Amino acid sequence: MKIASFNINGVKARLPALLEWLREARPDVVALQEIKSQDSTFPREPIEDLGYNVATHGQKGFNGVAILARRPIEDVVRGLPGDPDDAQARWIEATVAGEAGAVRVCCLYAPNGNPAPGPKYDYKLAWMARLEAHAAELLAREEPTVLAGDWNVIPQPEDAADPEAWREDALFLPQSRAAFRRILHQGWWDALRTLHPEKGLYTFWDYQAGAWRRDHGIRIDHLLLSPQAADRLRACEIDRHVRGGEKPSDHAPIWAELEI
DNA sequence: ATGGTTGATCCTCAA
């Protein structure tokens with residue numbers, strides 16, 4: 001089963017690029033972030049025409065997440081547990097069956113947090129703390145589980161082309177990286193780093209200042225695997241070429257092949 | 001050091 005994560009930065013503006021990538025990459029499950037769409041205006045039909053079921057958790061204007069899957073999408077949970085007053089659409093999780101078992105796919109869009117310090121950074125850290133609590137519950141189920149999404153965290157200096165440029169950014173501040181590590185150290189496996197120790201692997205290049213042309217990227221989209229999923233990991237890659245396409249998102253897709 | 005871009009919307013904000 002090929003499971004992908006892709007921050008598409010607006011599903012309506014990105015529809016041609018999304019459809020082209022779906023046709024080419026043929027993922028079984030996709031976690032989409034920043035759909036910037038309400039559920040009622042999400043362009044379901046052209047995606048369903050390619051053979052995907054669609055589950056959305058959108059809101060007006062910003063944020064918004066969705067799961068696409070060739071097999072049925074079951075037991076859907078919308079919204080990150082832990083704060084019923086949180087109106088931001090940043091979490092959807094569901095179960096998808098494979099040929100040899102099922103996988104729980106959690107699609108997350110963590111808060112950016114800039115400017116830091118400030119209320120947005122406080123919200124980022126509070127959201128990460130809620131994620132930490134829910135991730136522990138998921139791990140305790142001892143099932144194949146994937147935390148797939150835009151984590152808005154650069155885990156290590158080698159995950160940025162120019163780490164010094166990010167030194168005071170919410171994506172790279174010590175507290176942000178510590179929050180990511182606390183979750184990782186519960187027992188999750190960073191799928192990309194499990195198979196690829198090399199430098200220069202990025203998933204995001206800013207639209208500004210020629211970041212793509214100069215390869216000034218960062219790695220902020222991550223697939224974290226429960227041990228039961230990590231045991232079945234066969235491949236993990238970034239579809240970097242998608243960032244160089246027509247009207248691209250500022251993120252590239254990342255995917256893992258699991259023997260499920 | 002600064003500036004640079006994109007998307008959705010009610011024209012500025014978020015990234």
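Fair warning: this is a prediction, and the values are worked out from it, not measured in the lab. Each chain gets a letter, A, B and so on, in the order the sequences are listed, and its residues count up from 1.
Under the 4.5 angstrom side-chain criterion for Ile, Leu, Val, Met, Phe, Trp and Tyr, the cluster partners of A/I154 are A/W166, A/L171, A/F172, A/F204, A/I218, A/I220. Under a 4.5 Å side-chain heavy-atom criterion applied to ILVMFWY residues, the cluster that includes A/W212 comprises A/Y202, A/W205 as well. Cluster note: A/L125 groups with A/Y121, A/L173 through ILVMFWY side-chain heavy atoms spaced under 4.5 Å, whether in direct contact or through intervening members.
One interatomic measurement links the two molecules: CG of A/D250 to P of B/dG4, which rounds to 18 Å at whole-angstrom precision. We find that CG of A/N7 is positioned 11 Å from P of B/dA15, with the value rounded to whole Å. With rounding to whole Å, A/K124 atom NZ is found 11 Å from B/dA15 atom C1'. In this structure, A/Q33 places its CD atom 14 Å from P of B/dA15, rounding to the nearest Å. Atoms CZ (A/R90) and C1' (B/dA15) sit 10 Å apart, rounded to a whole Å. Here the P atom of nucleotide B/dA15 and the NE2 atom of A/H251 are 11 Å apart, to the nearest Å. A straight line from CD of A/E168 to P of B/dT2 spans 13 Å, rounded to a whole angstrom. Here the C1' atom of nucleotide B/dA8 and the CG atom of A/N9 are 10 Å apart, to the nearest Å.
For the residue pair A/D221/A/W151, the side-chain donor-acceptor check at 3.5 Å is not satisfied. Side-chain contact, A/S5 with A/Q33: a donor N or O sits under 3.5 Å from an acceptor N or O. With hydrogens and angles left out, the side-chain atoms of A/K120 and A/N112 include no donor and acceptor closer than 3.5 Å. A side-chain N or O of A/Y207 and one of A/N9 form a donor-acceptor pair less than 3.5 Å apart.
Each of A/K247 and A/Y109 lies near DNA chain B, and the nucleotide nearest A/K247 is the one positioned closer to the 5' end. Judged by closest nucleotide on DNA chain B, A/R14 is the one of A/G113 and A/R14 placed further toward the 5' end.
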Within the sub-3.5 Å range, which N or O atoms of nucleotides 9-13 of chain B have a protein N or O partner, and how far apart are they?
none

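Look at A/R234 and A/E257 and you find no salt bridge, because none of the NZ, NE, NH1 or NH2 atoms lies under 4.0 Å from a carboxylate O. Salt-bridge formation is not detected for the pair A/R23/A/E20: no Lys NZ or Arg NE/NH1/NH2 atom is positioned less than 4.0 Å from an Asp or Glu carboxylate oxygen.
Annotation: salt bridge (Lys or Arg N to Asp or Glu O under 4.0 Å) contacts of A/R104 (sequence neighbours excluded): A/E93.
Comparing B/dT5 with B/dC11, their P atoms sit 23 Å apart, to the nearest whole Å. Comparing the C1' positions of B/dT6 and B/dA1 gives a spacing of 24 Å, expressed to the nearest Å. When the P atom is used for both B/dC10 and B/dG4, the distance is 27 Å, rounded to whole Å. Using atom P as the reference point in both B/dG7 and B/dG3, the two lie 23 Å apart (nearest Å). Straight-line distance between the C1' atoms of B/dA8 and B/dT2: roughly 27 Å, to the nearest whole Å.
For the contact set between residues 206-219 of chain A and DNA chain B, defined by any heavy atom under 4.0 Å, the members are A/Y207, A/Q208, A/A209.
Within 4.0 Å (heavy atoms only), A/R243 reaches no atom of the nucleic acid at all.
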